[in-house]
Amino acid sequence: MAAVTQPADWADDEIYTADKLNAVSALQDWYWGHRPLFHACSGWAELAALPEGVWYAAPLRVASGIIDGVNRGFTFTESTSVVTATVPGWYDVCWQVGFQSTAHGNVGVRGGGVAKNGTGVSNFEAYRMGLFGDATTTDSGPVYSGNATVYLNGTTDYLQLMMFKTTGVSGDILAMYANEQMRPKLGIWWVGRDA
Amino acid sequence: MSHPPRPGWVDPFSPHVWADKEIPNYHTLNLYLRDYGDYLLQPQMCKVHATVAQSIPNTTWTVVQFGTEDLDNNDMWSGGGEIYARTAGWYVGAGSVCYDESGSLTGRRRQTIWASRVNSYIAESQDGAGSGAVAGRRISVSFGPIWMNANNYIQLRCYQTSGAAVNTKVGTLEYDSDLFIRWIGPQ
């Protein structure tokens, strides 16, 4: 269904017609049942080893298990975890990152967040960084979550869920895959057009 | 603070299809334009917060209990730790647990959202305790979108590994543990 983000105007003395009234219904139908909605979760281990000291796009997959998967109105590329909106407007974003340690679980910094159109410092819409020193070497965690509201132009703007760690080595920290509630996940939904 | 939907509300939501030459009257205009539009402006939402300090046992998952509602426009909460969906659809929300760590505690803190539809946790935040004493350490968890059927519920559950029971912190809104959920659409 084509996006309906603007109500029709009524002219003075305009006669009610089924088409005009159905245009109002179409707007309601689109908003409640067809506006863009996205929810994906990380699900497999072989693509999830984090490089050392650089921001890394968390692997995501739109599939339903315990976590509900949905992709309505987005272009999504699994290999790059790039989520591109096809309808312009403001979007709410709910993000979560989780870490699974094979070693060095109590070493260094962990970070997560959502980046728009790149991964430079200025690209992040929201992120969190912290220490996990209280863990043991192979403890699972930490898990960070948060929210953001971002504008996407519906053509070129895209989002990625990003993760970060510093332990001094590569391959020792994975994106969480063992417990669904701790896995990286990304939820996005359209909330309104720009003024 | 409950405001059930207007009489005549169609649930689940389905916009009216106007037939050719169908003449609207005040009743159908109010029902299909005013009421549907009005619902657009007040989606079902509920926010509650704790009013009594709660003991969280060591290494035991515990359902956070709430004492008062800040917002509830569809009878979604009636005491305790559960917020119920009254209409099937997609929901989003967040919760936070505030721990009283004036005793300079250690260990990890886990906060999760439990969803009755899948009988499982669906989101989590987890971190190690910081060093030093702090009156209230509040950690949040966000979730969504998730699907809930009518009368499914969510809970905020927490787990800590300090070695002993830890109380939640209450007293002012900056401390009180809370849970919020909002309906964003029927499909």
Side-chain angles (χ1 to χ4, degrees), chain A residues 7 16-35 37-39 41 64-68 70 72 92-96 98-99 106 110 128 130-135 139-148 176 179-183 185 187-191, chain B residues 12-24 28-29 32-33 36-37 39-40 43 89-90 92-94 106-115 117-131 139-148 161-162 182-187:
Chain A
Y16 296 118
T17 64
D19 283 348
K20 204 58 178 283
L21 291 169
N22 282 329
V24 178
S25 293
L27 187 152
Q28 295 162 346
D29 188 28
W30 179 83
Y31 185 83
W32 287 124
H34 301 278
R35 61 181 165 146
L37 180 70
F38 181 89
H39 196 218
C41 177
S64 290
I66 292 174
I67 307 299
D68 299 304
V70 59
R72 188 173 71 208
D92 275 350
V93 180
C94 178
W95 62 270
Q96 177 177 305
F99 299 81
N106 55 353
R110 307 286 184 269
R128 179 182 168 184
L131 302 174
F132 200 48
D134 197 65
D139 267 343
S140 296
V143 184
Y144 299 145
S145 67
N147 301 84
M176 171 59 68
N179 299 308
E180 285 201 46
Q181 83 273 12
M182 297 173 67
R183 293 179 187 172
K185 52 180 71 77
I188 313 170
W189 58 98
W190 190 93
V191 292
Chain B
F13 179 88
S14 56
H16 181 68
V17 178
W18 299 84
D20 190 23
K21 300 183 178 58
E22 179 181 352
I23 299 175
T28 55
L29 288 172
Y32 298 128
L33 298 186
Y36 283 10
Y39 198 76
L40 199 75
W90 293 98
V92 300
T106 60
R108 281 192 287 165
R109 311 287 179 267
R110 300 176 68 177
Q111 295 67 229
T112 66
I113 301 296
W114 174 275
R117 183 182 72 84
V118 294
N119 199 35
S120 181
Y121 304 106
I122 54 92
E124 176 166 342
S125 68
Q126 180 188 143
D127 208 347
S131 59
I139 309 175
S140 64
V141 53
S142 301
F143 67 93
I146 63 169
W147 181 266
M148 299 179 72
T161 64
S162 69
R182 174 169 61 95
W183 184 84
I184 64 169
Q187 62 188 44

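The chains referred to below are lettered A, B, ... by the order of the sequence lines, with proteins before strands, and numbering in each begins at 1.
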Donor-acceptor contact below 3.5 Å, side chain A:Asp92 vs main chain A:Trp189: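 No.
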A:Gln181 side chain to B:Trp114 main-chain N or O, any donor-acceptor pair under 3.5 Å?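 Side chain of A:Gln181 to backbone of B:Trp114: no pair is present.
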Tell me, with the steps shown, if A:Arg72 and A:Trp190 meet side-chain contact (heavy atoms from CB on, under 4.5 Å). CA-CA 10 Å; A:Arg72 188 173 71 208; A:Trp190 190 93; over 6 Å; no
Side chain, backbone, both or neither: which part of [X] has a non-hydrogen atom closer than 4.5 Å to chain B?
{"X": "A:Leu27", "value": "neither"}
{"X": "A:Phe99", "value": "neither"}
{"X": "A:Val191", "value": "neither"}
{"X": "A:Ile67", "value": "side chain"}

Heavy-atom pairs under 4.5 Å with chain B - which of A:Gly130, A:Ser25, A:Pro142, A:Gly187 has more of them than the others?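 Winner by heavy-atom pair count: A:Ser25.
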May I ask you to name which of A:Ala26, A:Gly98, A:Ser140 has the most heavy-atom pairs under 4.5 Å with chain B?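 Looking at each option in turn, the highest pair count goes to A:Ser140.
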Residues forming a salt bridge (charged side-chain N to carboxylate O under 4.0 Å, His left out) with A:Arg35, sequence neighbours excluded: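 Counting only residues at least two positions away or on another chain, A:Arg35 forms no salt bridge (charged side-chain N to carboxylate O under 4.0 Å, His left out).
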Any side-chain heavy atom of A:Trp95 sitting closer than 4.5 Å to one from A:Asn147?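 Sidechains of A:Asn147 and A:Trp95: no contact.
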Among A:Met182, A:Arg183, A:Glu180, find the one that has a side chain to side chain contact (heavy atoms under 4.5 Å, CB included) with B:Glu124.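 That would be A:Met182.
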With respect to chain A, which residue among B:Pro145, B:Gly185, B:Ser120, B:Ala19 yields the maximal number of heavy-atom pairs within a distance under 4.5 Å?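 When all of B:Pro145, B:Gly185, B:Ser120, B:Ala19 are compared, B:Pro145 has the most.
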Just give me the residue among B:Glu22, B:Arg117, B:Gln111 that pairs up with chain A most often, heavy atom to heavy atom, under 4.5 Å.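 Ranked by contacts with chain A, first place is B:Arg117.
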Establish, yes or no, whether a centroid distance under 6.0 Å links the rings of B:Trp147 and B:Trp90.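 Yes, ring centres under 6.0 Å apart.
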Sort B:Leu29 into side chain, backbone, both or neither according to what part of it lies under 4.5 angstrom from a heavy atom of chain A.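 The answer is the side chain of B:Leu29.
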